[in-house]
2 protein chains.
Amino acid sequence: MKTPKISEAVVRRLPVYLRFLNELSRRNVQMVSSQDLGQKLDLNPAQIRKDLAYFGEFGKKGIGYDVGYLIEKIRQILKLDQLIPVALVGAGNLGRALCNYNAYLRDNMKIVAVFDSSPEKIGVQINNLTVLPMSALVETIRELKVRIGIITVPAFEAQVVANQFVEAGVEAILNFAPVIIKVPSEIRVHHADFTTELQSLAYYL
Amino acid sequence: MKTPKISEAVVRRLPVYLRFLNELSRRNVQMVSSQDLGQKLDLNPAQIRKDLAYFGEFGKKGIGYDVGYLIEKIRQILKLDQLIPVALVGAGNLGRALCNYNAYLRDNMKIVAVFDSSPEKIGVQINNLTVLPMSALVETIRELKVRIGIITVPAFEAQVVANQFVEAGVEAILNFAPVIIKVPSEIRVHHADFTTELQSLAYYL
DNA sequence: TAGATTGTTAATCGATTAACAATC
DNA sequence: TAGATTGTTAATCGATTAACAATC
């Protein structure tokens, strides 16, 4: 489990593997080959084998991969074998959608705090969480040991929220606002903006 | 405006350029250099120049790019100079969030129809659209000349919805469901699943 | 003119794919 | 044993970056 420069492309595929493996597990499938995986996930089998081989020898030659064992290993790699507290800022439609999405509960990620800047949102209940004011952000995040912050505020507020996350000691940020946010290099930011997604799709019409 | 094999990476950056150029335009900035852009967007200036050069000579040597002109050109490239009707299936939290997101209205994309399979959702008003039953999907999409379909249903329903989109003649699909959907190769699919996004982020903790 | 910045070619870097020995 | 599939090296492919002549 050392890190000999794993590319981002590899890391992004791991959750996709995990998701499908979980489905196989639910269907009580015991073993799976890189060929099977490749077919279902539209990926080259050699690539899948190579991706996994970065982290260890998880398969059996001539047989394939044990589904349960591989799930366990990928969860370890992604650090999903521990509870990861997440905070979200922006209790709008998107924010509420993410809160209600409990799919990641199974994978040990949990939104433990929700914040908003507008007074009429504060105190509102979302999925047994009470929306807190921005003034409570830094302290609450420190108390709850939040490691990942999600930003679902309008673009013009995103950088301010990011700054607060950084101040509070968050290690990674998932930004849904349509703007590039700047943070110190030791903090990881992923951008998940669906307007750019939709616009790039238009190119192929 | 011919297509000498433009890579997906290039196409994905164009909306990011466009977004920032729009902001410059709002601020009445006339000209911008690849250096400026690169700094703001965390990209290599040479890459930006190369990306744009695939589509034409939009800049002026020694000067930079005219903001308004570049906006116009990128909008043409992305086909955002015409109205693009979009349909959405799945009137849950995420679906409603996307409907309310009117940011893409400015960019000529418009959600013109919303569908859901559960009876209690049908007839509900979302942003002056009435949620329609799945049985109306194919006919409505053909009538409204919908070109892009958005899927915000649970994973187990996503493939069925995709099949209906294909039958109705949609040209591209944006899938938010956490599952790989299979469509004929002439139809473009982008996956925008934030659970995989969040999980890959955990790797970097 | 001098300084700046593009468009483009060449060099570098990195990621994907093919191939195959090892082995279950 | 024969067939299948991994782990891994080598080959290929593609994308990013550097460099610089052209030129505003």
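Scope of the values below: all heavy atoms of this structure, side chains included, with no hydrogens, waters or symmetry mates. To find a chain, count down the sequence lines: A is the first, B the second, and so on, and within it residues start at 1.
For the contact set between residues 15-40 of chain B and DNA chain D, defined by any heavy atom under 4.0 Å, there are no members.
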Grab the N/O contacts between the protein and nucleotides 19-21 of chain D below 3.5 Å, and write none if there aren't any.
{"residue": "D:dA19", "atom": "N6", "partner": "B:Arg49", "partner atom": "NH2", "Å": "3.2"}

List, with names and distances, any nitrogen or oxygen atoms from the protein found under 3.5 Å away from nitrogen or oxygen atoms belonging to nucleotides 12-16 of chain C.
{"residue": "C:dT16", "atom": "OP1", "partner": "A:Arg13", "partner atom": "NH1", "Å": "3.1"}
{"residue": "C:dT16", "atom": "OP2", "partner": "A:Arg13", "partner atom": "NH2", "Å": "3.1"}
{"residue": "C:dT16", "atom": "OP2", "partner": "A:Gln47", "partner atom": "NE2", "Å": "3.3"}
{"residue": "C:dT16", "atom": "O5'", "partner": "A:Gln47", "partner atom": "NE2", "Å": "2.8"}

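Rounding to whole angstrom units, CG of residue A:Leu70 and P of D:dT5 are separated by 16 Å. Summarising the geometry, the separation between NZ on B:Lys60 and C1' on D:dA22 is reported as 16 Å, rounded to the nearest angstrom.
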Atom pairs and distances, donor-acceptor, side-chain atoms in residues 176-186 of chain A, under 3.5 Å, two or more places apart:
{"residue": "A:Lys182", "atom": "NZ", "partner": "B:Gln39", "partner atom": "O", "Å": "2.8"}
{"residue": "A:Lys182", "atom": "NZ", "partner": "B:Lys40", "partner atom": "O", "Å": "3.4"}
{"residue": "A:Lys182", "atom": "NZ", "partner": "B:Asp42", "partner atom": "OD1", "Å": "2.9"}

Show, in sequence, the C-alpha distance, side-chain angles and deciding distance for A:Asn163 and A:Glu167, and conclude whether the side chain to side chain donor-acceptor pair (under 3.5 Å) test is met. CA-CA 6 Å; A:Asn163 294 347; A:Glu167 193 193 332; over 6 Å; no
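In this structure, B:Thr152 and B:Ile150 have side chains that are in contact, with non-hydrogen atoms separated by less than 4.5 Å. Using a 4.5 Å heavy-atom cutoff, the side chains of B:Tyr17 and B:Leu43 are in contact.
Side-chain nitrogen and oxygen atoms of A:Tyr65 include none within less than 4.0 Å of the OP1 or OP2 phosphate oxygen of C:dC24.
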Dot-bracket, DNA chain D: Watson-Crick or G-U, under 3.5 angstrom, [ ] crossing, | other strand? ..||||||||||||||||||||||
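The existence of a salt bridge linking A:Arg19 and A:Glu23 is excluded, since no basic side-chain nitrogen approaches an acidic carboxylate oxygen closer than 4.0 Å.
Checked against side chain to side chain contact (heavy atoms under 4.5 Å, CB included), B:Ala53 has no partners two or more places apart in sequence or in another chain.
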